[in-house]
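Report on one structure; see the data block that follows.
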Amino acid sequence: MVQRNPAAASASLSLARRMLRYTRIEARRSVWDLRSKDLEQTGLATAVRAIASSQQHKDLKIEIKVTGNEHALPTGVDFHLLRICQEAITNAIKHASAQLIRVEFYYHETSFQLRIEDDGCGFDTSNLNSSDAPHFGVLGMHERARKINADVQIHSQPGQGCRIEVTIPLSA
């Protein structure tokens with residue numbers, strides 16, 4: 001294939017390298033953070049605050065807001081939500097050059113909603129499922145949401161920032 005179509009071979013190799021890089025980062029993160037002490041000891045919002053404080057720098061502000069009566073979520077749900085938050089914050093900083101990120105937790109009687117919003121450069125959501133431009137972080141968010149029976153909505157447009165909403169139905 002390399003001799004017959006060097007451009008296609010180069011594109012395939014580039015994709016494989018990006019996939020490998022992402023997989024290594026995720027594997028390292030998963031092994032390092034098998035258990036989040038902040039999550040176990042103080043809850044989801046505090047664990048996200050710890051992630052946010054480790055990412056803060058002079059050109060970035062991360063705001064965290066909790067609405068409703070904060071309570072324990074079903075087993076394992078908080079871990080996946082923490083990783084979704086971490087990925088969204090990382091993407092906003094790394095890819096969107098965001099200066100403001102808002103993370104909001106909404107505790108309702110029958111559902112829980114997580115909203116992460118940034119003022120970054122935004123992107124065209126119509127190519128999220130394209131194999132030409134894989135978005136591994138977004139794919140990981142969707143996979144984590146599926147594991148906890150959550151719905152993920154991603155709203156963005158070039159120049160308009162991004163809003164990610166994760167909604168989980170809770171039994172009464």
*Let me see the working for I164 and L114 under side chain to side chain contact (heavy atoms under 4.5 Å, CB included), right down to the final yes or no.*
CA-CA 8 Å; I164 299 168; L114 164 66; over 6 Å; no
How long is the gap from [atom1] on [X] to [atom2] on [Y], to the nearest 0.5 Å?
X	Y	atom1	atom2	result
I101	I116	CD1	CD1	9.5 Å
I62	S54	CD1	OG	7.5 Å
C85	M141	SG	CE	9.5 Å
Q55	K94	CD	NZ	11.0 Å
H80	I168	NE2	CD1	10.0 Å
I84	H142	CD1	NE2	9.5 Å

May I have the list of side-chain donor-acceptor pairs in residues 64-78 shorter than 3.5 Å, sequence neighbours left out?
none

_Less than 4.5 Å apart, side chain to side chain, heavy atoms only: is that true for L44 and F112?_
yes
*Report yes or no: does T90 contribute a side-chain atom to a donor-acceptor pair with the main-chain N or O of Q86 at less than 3.5 Å?*
yes
*Would you check if the side chain of S53 reaches a backbone N or O of A50 as a donor-acceptor pair within less than 3.5 Å?*
yes
*Sequence neighbours left out, what passes salt bridge (charged side-chain N to carboxylate O under 4.0 Å, His left out) with R102? Give chain and number order.*
E63
Give the table of side-chain donor-acceptor pairs shorter than 3.5 Å for residues 147-156, with sequence neighbours excluded, one pair per line with atom names and distance.
from, atom 1, to, atom 2, distance (Å)
D151, OD1, Q153, NE2, 3.4
D151, OD2, Q153, NE2, 3.1
S156, OG, F123, N, 3.0
S156, OG, F123, O, 3.4
S156, OG, G161, O, 2.6

*Can you tell me which residue pairs pass the side chain to side chain donor-acceptor pair (under 3.5 Å) test with a partner in residues 113-123, sequence neighbours excluded?*
Y106-R115, R115-E165
